[in-house]
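Please read the structure below before turning to the comments.
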Amino acid sequence: MPGTNLIVPVVLWGKHAPTHCISSVYLSRDQKTLVTGCYDGQICIWGVQPETLKMIPKCLLVGHTAPVTCLSRASIIQDNNYIVSSSEAGEMCTWDLVDGKCRESVKLTQIHTNIQAYHMCNSEDLRLFCNGYYAEILIMDPFSLEILFSLSSKMNPDWISALHVLRPSSRKDDVVLAISITGTVKVWSLLGHENKQSEPIYENESKQIRCLNALSLNCCAYNQRTVLIVCAKYCQIYDAGDFSVLCSIQAPRGERWMSGDFLAPDRVLVWSTEGKGYLYRLPANSVPDHKGFHGPTVDHDSPVLFGILAHPDNKLLSCPPAMRLILTSVGGKQRRLLLRGDSAGVVSIWNVDDAALPTLPNMPSHAPVVMTSLDMAWAEMNPSPVGILDQLHHPDEPEIKLTASIYLLAANRLVVGREDGSIVIVNATHTVQLQLLHGSHQQLDDWPPHQLLLGHNGRVNCLLYPHHVHQRYDRAHLVSGGIDFAVCLWDLFSGALLHRFCVHAGEITQLIVPPYNCSTRIQKCVCSVASDHSVTLLSLAERKCVTLASRHLFPVVTIKWRPADDFMVVGCSDGTVYVWQMETGHLDRVLHGMIAEEVLAACDETVADDLGGSLAVGTTDLQGLANPAVHFFRGLRHRNLTAMRAATQRGLAALAGPGHAGSAGPLAEPARARRAQLTVQGFRSNPADPESHILFFDIEGLIVELLSEEYSAMSPASLEAAGLITSEYMKVAALTQSASPDATKRISDFFGRVKDKAGDMERILKEKDKHGILAKMKEGAETMQTKLQAKAEQLKGHLEVKDDPNQSKRQRPKDVTLAEPPHTMEIAQILISLLHAWGLNPDLDRVCESKLGLLRPMVPVCFGVVSRHGHMAVQLPTRVLEWADAYAAAPDDPVLVNSDLPPELLRQEKLTRLFTSKLHWELSTTLTTNHLLSIVALANTLKSMRNAGFVPEQEVARRLHRPSTRSSSWAGDEEREEQLAAQQVHIKQGWALLITLHCVLLPETVVAAGSKSFKRPQVEMLARRWQHHCIEVRDAAQALLLAELGRLGPKGRKTLVDNWAQYLPLYTHTESINPHAAPKEPVEKQEEEFEEEEEEIVRKPSSLAELKRKQTTAVVLLGVIGSEFGQDITSEGAAGNKRRKDADSRKSSVVEGFTLSASNNLARLTALALTHLLLAPPCPRLPAYTPLRRAAVDLLGRGFTVWEPYLDVSHVLLGLLELCSDADKLVPSMTYGLPLTPQADSCRTARQALTLIATARPAAFITTMAREVARCAAAAAGGAAPAQALQRGRAEVLRGIELLIDRMHAEVAELLVEVMDIILHCVDQSHLKSKGLNEVFPAICRYNQVSHCPATRRIAVGSHTGQLAMYELRAGRCQSLAAHAGPVTACAFSPDGRYLVSYATADNRLSFWQSTAGMFGLGAAQTRCVKCYSTAPMADVARLNPARLARLVWANSRTVTLMLADGSETRFNI
């Protein structure tokens, strides 16, 4: 199952409803939601109409692996829609019923049989009281699923078979009443302050009664004086005081009791395994208020049956149904319902109140008020829900069910095995388009073409494409296993059956691939498992069976490998483990019990070590702490393999060894297989069902794939022209390195050539870039003709391409990409078409269809949500039945009504339009957030790809078109270029409109379209992705978050701030991010935590992990609100105010609490938290480069003007420089879309932050840097080592200063001396030996106040205060002269360097200075004023542009000319 990053699941259900054999039922308090759990582990959520009790299945929750035995509510709050489920495997989950997200899941060793939710005294919310196959009663928190405390027994400890919690009417405490399976009744009383520390908590009293294996225990709620205990054969009423039997009711013949409850002090309802409810009136001695209570049993007075609740047809059930008595109230009136869910998936409800009135002597039987099931709901659907291969189904023939499927990403083929033994191979994106989207393809006959493989008799059970799992297998091989005991080997491209292995004596149930480090013979094998409990290794190369392991007595459950010892370890369902030798097929030994478990665990260890070892560079001690990989895997062992893969991908390479990490350039994506942009998974709830299919669109995978294809088609020169990578940066970096003459020559030559020749750039890139994105950019700017020739040849050779066996899986041959747009584009097209909000803006819809090539959906799409722990919720197609009212209310489209479509298709079309425009956005906040993020990120990507669209002809033209660098070769080219350019403009506008709609206008538009319950995007989910490692997702999240915060307005933001302020972590200098956290947290948490989703704020965080998640979210959210909306409007020019703020934020800066008033500390705390995240040293809990740190860096930059008062500016700047120190390794610009290594990404963000800070507060930036430079110089003079950050970040500082001179000329002019200090510190002095300052750092020479004399190696700078600073580069010192009364306007050295002339408009003086060295250059040099002239005052008009006021130019060594801005020139002689 894919990770949680940003996945959009879409489900194609097919014509058959999933089997749903119900094992537990639950109805919410408000009667709007019914939940059923089934024996296959799925949970179905039904929408209920409280008045009529009509039920509609809405959503299926997938995550449990065993029958769901208990369902319980999680909160007393009415509209808090959470439930807790527990399964026979000990798994427990807390689900959000609105969007089906799994909030928390744990796996306990204890297995519950019953859970009662109860609101204890002194606790704010419900507690779960659980009993089951263990000797305690566990009290759990429903949200964190932690065990809070447990109740133990002193007397006869044994499994508890039933319990009941109640609060006695006269007392303040809670009483737990329980009975053990051996018939001991126990009573605990709880005061509500119990916790783990107060254990053990023993029972207050206990009594042995004659009642074994009780099924349920209920105390009469009306007077708490009688207790009903139900056993299978009889149920008994006990006196609650002394537990003596009052009366007993036998079960009807052939039935057994399941449970029961009191309806009144004298009436009970008991239900049986046949699914019937029996209503009894109790005898007088069992009714407490009666005078005969507790008296002897009277013969004629025994329990009387006065009503039965049963199905009229009385069908036999294959297993006992799940039943539950529910007390609810409707309109103030109490109503009691009996719920039943049976093995056929039918849910029935009886109204008990109707039946509870004793009637005439003849005993009536009451039928249920409502009955429904998934099959009935499916039958109501017309047309029935779409399946993935519906085009192969003829209406008049019986349908062939799909039984197995596999998706081959590289070839974009879907392989589906069917019930009749045939295997269909079809183009996956085309078949999905055919089922879901309108378009010209709907008119085609027999499209898409498919291939049939015939070779099995009877159902195909499993399929395997070994090449996907490991490259060592032949890419043409496909393996299938069937019900006919055979394993077939197919040639995928020719469709030939290569071999049929018939070695098993049962149907094939599973095909797997042995690990890559087995012996060479086994490497060519696949492993198959069959229902006769046998396992074989079949060699695909030798076409024979290598090993047949067939003496297992029980079904095979797990297969593990010990490649080093040549062992295959097979675990069976009874717990035995068989160890087989792979090469010889010899049974080595059979193990039982603990040893068996240990051996299986040991196999897992070796897997971990192999993976760890292959990544670690020469670490010998694999078990030791040296290798972080091993820890990762130990933590992950209990999760699925994908989690394991994700962890390796998460840049383990970077952790494995410093030598290893250093070599990968910053462009290198973390060493990981690329994520699949689309996965199609067959999905069935029960082995007997035909398969439904889930399409997982992985947004990040898709974006990476699109951009790689785009960039690989561009030469480095065009990449640089597009601003994706920069060589400017290299120049600045070169200045900080010392220049040996030949090095400078090399560098200057290099930059001279790099612009027009791609070759040299490539050499540099090759060294920097190991994963080969840029290596693919080999094609330079070839001319159009060679491209067209290539295309022509390719069209000829196109048909042979398919069978070329040695194409690597990733890189399709270059020319295929030109001929047909690769399937990445089709996948993107399908996804954007499904997510786009059609029908909100008709003009945009037309643009989407004509210019962008999007297609309208044909059916309301069933989306899903993937939550943590790999759990998933998928919508059922039957939820459209809920929308009948919305459907009726919507206006009809006259065009549709007059068309000759059959009525059911008309209805479907109208529903689809309603869905895309409105209902889609009313499903849940999670879906809204994920879908908006996805569509905005994808649209941004396509817009950045030189405006790609999905119209096929345009797209081919766009791909073939290379902006040619030379003059075009024939005339037809030019108008083609023009057409293309015009088209590109249209497409770009189209994408921009689409982005605006989803980013900014959607909520207003949907509400305007009549939506009552638009679900807004979740602010905290967006905040968590503020620095997502995929830059398109990052931009989308930032845009959406800012739009949403802007929409909330000052009041909304204020509430948001108040809500989250409590979670802001308080930092002192020593504390870590989470003061109470346990020290042994698994390392791998951090990176993932930040990617995770977050839920609404309803309650206090229940667990530490959640508190930590909340804290990280709070820091980011408050940081964003502070930096974007918190500024006082005075700093209008500052960065971060790129969007001019409107009037409301002018007020808001006061409301938000982000002001400088002493009363509110929020800005200070946020600033502290952000700086802590920037500067905290890396530790396991907060690694060096995480998205959280990147977010802190980014927000410090964006909101610098807000945080500045609370920051230690020099610390912050040095911290940022430290992050930037490796920037010269060619970190691409912010527009470069592919994910970078975390380090390069942090570096890029830090560079941006520095730029923002420098432009927002130039003075602070320059003075702080100058102070650091002085500190460095002092340290160097004192012989101490200078600060590292400043040394390593020199290039970055120079870049910042260049930028400031560029953008803020006047501000920098006031601090010129400081600027010169910084430049001279950062530029390596050796450059100034051979070249003038204007060559080395031309930007600073734009100032007339700066002059450099290469002859004497001196630099003069006139300052704002009237001082002249003289830098003597030889001696490495600086002296300062008081020259003028006001700012120095210009100064210049004479050509021979003997004189310096300076001029200031403030006092209208021009002075000549001469330096006299002491004897033979010994002693201090004296500089004195040799001559002074008064000049004419300057006209006021001319003073407007101080930078251009005056220039001084030496005509010869004795004469200087003063040129004023008004054009006048005056000469002065010395």
Side-chain angles (χ1 to χ4, degrees), residues 726 728-729 731-733 735-736 1123-1124 1127 1131-1138 1167 1170-1171 1174-1175 1190 1192-1221 1223-1224 1227 1229-1230 1242-1272 1283 1285-1323 1337-1340 1342-1343 1346 1360 1443:
T726 49
E728 317 298 62
Y729 194 72
K731 289 184 189 164
V732 181
L735 297 179
T736 63
S1123 40
E1124 294 294 336
Q1127 283 150 321
S1131 60
E1132 188 56 303
N1137 286 37
K1138 294 199 186 81
L1170 293 173
T1171 37
L1174 166 66
L1175 302 172
R1190 270 206 307 277
V1193 167
D1194 180 61
L1195 292 169
L1196 280 170
R1198 279 170 187 255
F1200 187 71
T1201 43
V1202 179
W1203 317 129
E1204 192 186 17
Y1206 315 107
L1207 298 179
D1208 176 338
V1209 181
S1210 64
H1211 267 148
V1212 170
L1213 290 178
L1214 287 179
L1216 291 173
L1217 283 177
E1218 181 67 47
L1219 281 176
C1220 295
S1221 54
D1224 49 338
V1227 172
S1229 66
M1230 285 309 271
S1242 302
C1243 169
R1244 176 166 67 175
T1245 307
R1247 276 170 65 178
Q1248 204 191 11
L1250 275 172
T1251 312
L1252 288 174
I1253 290 177
T1255 46
R1257 288 276 189 268
F1261 179 76
I1262 292 172
T1263 45
T1264 311
M1265 290 320 326
R1267 199 179 317 130
E1268 283 308 315
V1269 166
R1271 198 175 291 166
C1272 259
L1286 194 58
Q1287 290 303 320
R1288 294 226 296 277
R1290 291 185 301 187
E1292 204 45 57
V1293 179
L1294 288 179
R1295 203 183 61 96
I1297 284 183
E1298 202 168 351
L1299 186 94
L1300 282 179
I1301 295 176
D1302 222 23
R1303 293 199 194 160
M1304 306 192 146
H1305 203 84
E1307 278 92 335
V1308 179
E1310 302 185 358
L1311 294 163
L1312 266 183
V1313 178
E1314 285 85 345
V1315 172
M1316 187 54 80
D1317 282 339
I1318 299 172
I1319 292 175
L1320 290 178
H1321 177 82
C1322 293
V1323 171
F1337 199 77
I1340 192 77
R1342 292 190 214 161
Y1343 289 100
V1346 176
H1360 200 61

*Between Asp1302 and Arg1342, is any pair of side-chain heavy atoms under 4.5 Å apart?*
yes
_Which heavy atom of Thr1251 sits nearest to which heavy atom of Arg1247, and what is that distance?_
OG1-O, 2.7 Å
*Should Arg1295 and Glu1298 count as an ion pair when the cut-off is N to O under 4.0 Å?*
no
*What's the spacing between Ser1242 OG and Asp1194 CG if we round to 0.5 Å?*
11.5 Å
*OG1/Thr1171 to CH2/Trp1203 distance, rounded to the nearest 0.5 angstrom?*
10.5 Å
*asked:* Quick test of your reading of the model: are Asp1317 and Arg1267 salt-bridged, counting only N-O distances below 4.0 Å?
replied: no
*Does the pair Leu1216 and Leu1196 meet the rule for a side-chain contact (heavy atoms from CB on, under 4.5 Å), with working shown?*
CA-CA 10 Å; Leu1216 291 173; Leu1196 280 170; 5.6 Å; no
*Where is the tightest heavy-atom contact between Ala1259 and Leu1311, given as atom of each residue plus distance?*
CA-CD1, 3.7 Å
*Which atom names give the shortest non-hydrogen contact between Val1193 and Ala1249, and what distance separates them?*
O-CB, 3.5 Å
*Can you spot which of Leu1252, Leu1195, Thr1255, Val1209 makes a side chain to side chain contact (heavy atoms under 4.5 Å, CB included) with Phe1200?*
Val1209
*Take Ile1297 and Phe1337 through the test side-chain contact (heavy atoms from CB on, under 4.5 Å) and record every step on the way to the result.*
CA-CA 10 Å; Ile1297 284 183; Phe1337 199 77; 4.2 Å; yes
*Quick one: pull up OG in Ser1210 and CG in Leu1217 and give me the separation to the nearest 0.5 Å.*
11.0 Å
*So, for Ile1319 and Leu1294, which heavy atoms are closest and what is the spacing to 0.1 Å?*
CA-CD2, 4.2 Å
*Rounded to the nearest 0.5 Å, what's the gap from CG on Leu1214 to CG on Leu1219? Could you check?*
11.5 Å
*Where do Ser1123 and Gly1199 come nearest, in terms of heavy atoms and distance?*
CB-CA, 3.1 Å
*Can you tell me how far CE of Met1265 sits from CZ of Arg1290, rounded to the nearest 0.5 angstrom?*
12.5 Å
_Nearest heavy atoms of Cys1220 and Leu1250, plus distance in Å_ = SG-CD1, 3.7 Å
_Separation between CD1 of Ile1262 and CG of Leu1300, rounded to the nearest 0.5 Å_ = 5.5 Å
